[in-house]
Structure formats: C-alpha cells, structure tokens
Amino acid sequence: MASPADRNSSMRTTRPIRIDVTSERGTYPVLIGAGLTRSPRAALKDLGLPEHALVVSAPAIWKLHGTPWESVAGKRGPVLIADGERAKTLATVSRLYDAFSENALDRAATIVALGGGVIGDITGFAAATYLRGLTVIQAPTTLLAQVDSAIGGKTGVNLPSGKNLVGAFHSPSAVLCDPEVLGSLPRREFRSGLYEVIKYGVIAAPALLETVERESRAIFDRQANVLTPLIAECCRIKASVVMADERESGPRRALNFGHTIGHALEAITRYRRFRCRKECRLLSDSALPCLNR
Ligand code: GLY
C-alpha cells in the first residue's frame, strides 16, 4: 500500500466537495476532502462555526487522529470514552453528561464527535439531550460513518433489549469527512463501510456497483483521489433521502437495507460476535467478487 503522504500529496490544496443538507434544524454542510481535518480549526472557521469545542473521541482514535484537534479542544483536552457497540449505552451517555457539566457547558457550547459510528451516535445523543440540545459537529473517522451514520441526524444508544432503542433526531451543524483518515482503518472496518457503499448502489445508484468493481484496487489501497468522489456520491444519495424523509416515515427506510437483520444479529449475540453490522455480509461478497480482497 502506498504511504499516506504519497497517496495524498496531490490532494492537499484541493477544495473539499460540499453537499448541503436541509433539516428541521436548518441547512448544514457535509464537506468531503482529503486533508480536510489536518487543520480542523481552519475548516470550522471557513464554515463560520466556533473554532473551539468540546471534542469527544475514543482513546485509540484520539491517538491516531487527535493531534490536529488539540487546538480545537484547547487546554481541557478531549473527553475520551469507550468505543464499540457494547459501550453504546445510557451509562456512557451519563459519563458525557458529567463531562459536559464539569466543563460548565452552556447552550452556546459546541461538541465535536471525532470517531466512527458509535462515537457519533453516543455523542450526538448526549448533545441532543444536554440542556435540551447543543450544537454538534460530526468528524467521522470510519468509511461507514462518512457515508452513512454521520449524516441525517440519527443519534442514540442501545438497550439490553435492542439496538438504537433510545435516541433522537438531532442534525449536526457540519460533517467533516476526510478520506485521508481512512488509511489507518483496520481492513475489517474498511470493508464494513464498503458494504454501505454497495447498499447505495443497490437501493439508488447501480453505477456505484460498477465503480466499486472497476476501482476496487484503488479503493482497497485507500487512494484518496478515488475515495473522495465515491464518498461524495454516497453522501449525495444519503442527503437526498434524508431531506425527503428526515424522520423515516417512508423513503428513509430504504437506507436500512441490510441493517435490520444485521442489527438483530448483533442484539441476539449481545454485541459480542458481530462487531460491525454490515459484516453479516448480506450484501454478499459473492455478488461482487472484487470485495474478496
Ligand atoms: N443509517 C440509516 C439512516 O440513517 O437512516
């Protein structure tokens, strides 16, 4: 695999792709750009958003991607919580409430969720409910979160009786997708996100399937120049679906294709066996042999 520097050197000055999503809480941008989160303060400033925020992440993610966010987090540093489906509980949300309170956050506070889908869901839910709603910015670090969970305002946690049973629709004020950060993603997690891309191909854009097949080598090599337009296309589809049906009364249900049975498998195995819902491989490798890399 080429080094991140080699892969992305030509992308440094490229302007991010911007997709605006209109929600009940207003219109927010989804930016997709290689190197976008190397200077998150500049990105936030360009968007007219506060440059300082309480950053929530997980220890392993902060170790990999935290340095550029230090200037956003400031002296108080990040709030680090456990990651993984088994941490997606009300107890973790309660820990975040304590951290928000210790940091004397008021309604003007901004929270950044730096991580994958679990960090985004937990942090988004804590932000949705603390002081009846704080501003949240999603900075997804997995392919799955970049193409799906960071967009559309679904937040929440699991109960022992089922997945995502407690939650709120709480749109972010911005989503910052940086394909460069995917270079460090474990292969299994990367493939899991790729199943989401396939999902969009199946439900809305068959051409995406051809793109994945044609570009599979570059995709698995995490080449930012190939990943950027691919992620942007998925974000466009997601944006158009959630704008048509934010609260999932109809068309948004199509986005759950492959999720529903995956969530059930996760729940009955107590979130131990299936770490990533898409790993159930309902969108089968056999349908697209190029995924067997
Ligand atoms: N992840 C499915 C949805 O956002 O509706």
Side-chain angles (χ1 to χ4, degrees), residues 19-30 32 83-85 88 113 115-128 136-159 162-177 182 189-205 208 230-267 271 274-283:
I19 296 158
D20 286 325
V21 184
T22 300
S23 73
E24 286 169 0
R25 297 183 74 236
T27 298
Y28 62 92
V30 178
I32 307 105
D83 201 357
E85 212 51 52
K88 211 173 125 176
V118 169
I119 295 293
D121 280 6
I122 301 172
T123 307
F125 182 62
V136 65
I137 291 159
Q138 295 281 351
T141 58
T142 64
L143 181 58
L144 189 152
Q146 291 190 359
V147 298
D148 183 27
S149 61
I151 305 163
K154 275 189 184 174
T155 71
V157 295
N158 304 327
L159 293 181
K163 192 173 158 93
N164 295 337
L165 289 187
V166 178
F169 287 95
H170 186 69
S171 293
S173 292
V175 182
L176 306 179
C177 300
L182 305 179
E189 299 285 341
F190 186 75
R191 285 167 58 94
S192 168
L194 212 45
Y195 290 115
E196 274 317 320
V197 177
I198 304 297
K199 173 191 84 178
Y200 290 115
V202 173
I203 66 167
L208 262 180
L230 189 73
I231 293 166
E233 180 58 13
C234 295
C235 293
R236 268 187 214 104
I237 298 169
K238 173 105 192 209
S240 71
V241 174
V242 299
M243 282 195 285
D245 178 25
E246 188 173 5
R247 289 194 170 250
E248 198 174 279
S249 54
R252 186 167 179 169
R253 290 184 195 150
L255 295 174
N256 296 332
F257 179 64
H259 290 201
T260 314
I261 191 161
H263 288 185
L265 285 171
E266 279 184 298
Y271 309 104
F274 295 98
R275 278 194 302 119
C276 306
R277 58 197 184 216
K278 263 55 68 181
E279 280 289 317
C280 66
R281 299 187 183 181
L282 289 174
L283 307 173

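Values reported hereafter were calculated over all heavy atoms of this structure, with side chains retained and with hydrogens, waters and symmetry mates removed. We count ligands from 1, going down the list as the structure has it; atoms in each ligand are counted the same way. From a predicted model like this one, the values you see are computed outputs, not experimental measurements.
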To which of Asp148, Leu255, Asp121, Val242 does the heavy atom nearest atom 1 (N) of ligand 1 belong?
Asp148
Any sub-3.5 Å donor-acceptor pair from Arg252's side-chain atoms to Asp245's backbone N or O?
no
Do Tyr200 side-chain atoms and Leu255 backbone N/O form a donor-acceptor pair below 3.5 Å?
no
Atoms of ligand 1 less than 4.0 Å from [X] heavy atoms?
X      : value
Glu248 : 5 (O)
Lys154 : 2 (C), 3 (C), 4 (O), 5 (O)
Asn256 : 2 (C)
Arg252 : 3 (C), 4 (O), 5 (O)

Check if Arg253 has a non-hydrogen atom at a distance under 4.0 Å from any atom of ligand 1.
no
According to side chain to side chain donor-acceptor pair (under 3.5 Å), who are the partners of Ser240, at least two apart in sequence or on a separate chain?
none
From the list Val157, Asn158, Thr155, Asn164, side-chain contact (heavy atoms from CB on, under 4.5 Å) with Asp121 holds only for Asn164
Given Ile231, Ile237, Leu230, the one that forms side-chain contact (heavy atoms from CB on, under 4.5 Å) with Val197:
Leu230
Is there a side-chain hydrogen bond (donor to acceptor under 3.5 Å, both in side chains) between Glu246 and Ser171? Walk through the geometry before answering.
CA-CA 10 Å; Glu246 188 173 5; Ser171 293; 3.3 Å; yes
Any N or O on Lys238 sitting closer than 3.5 Å to an N or O of ligand 1?
yes
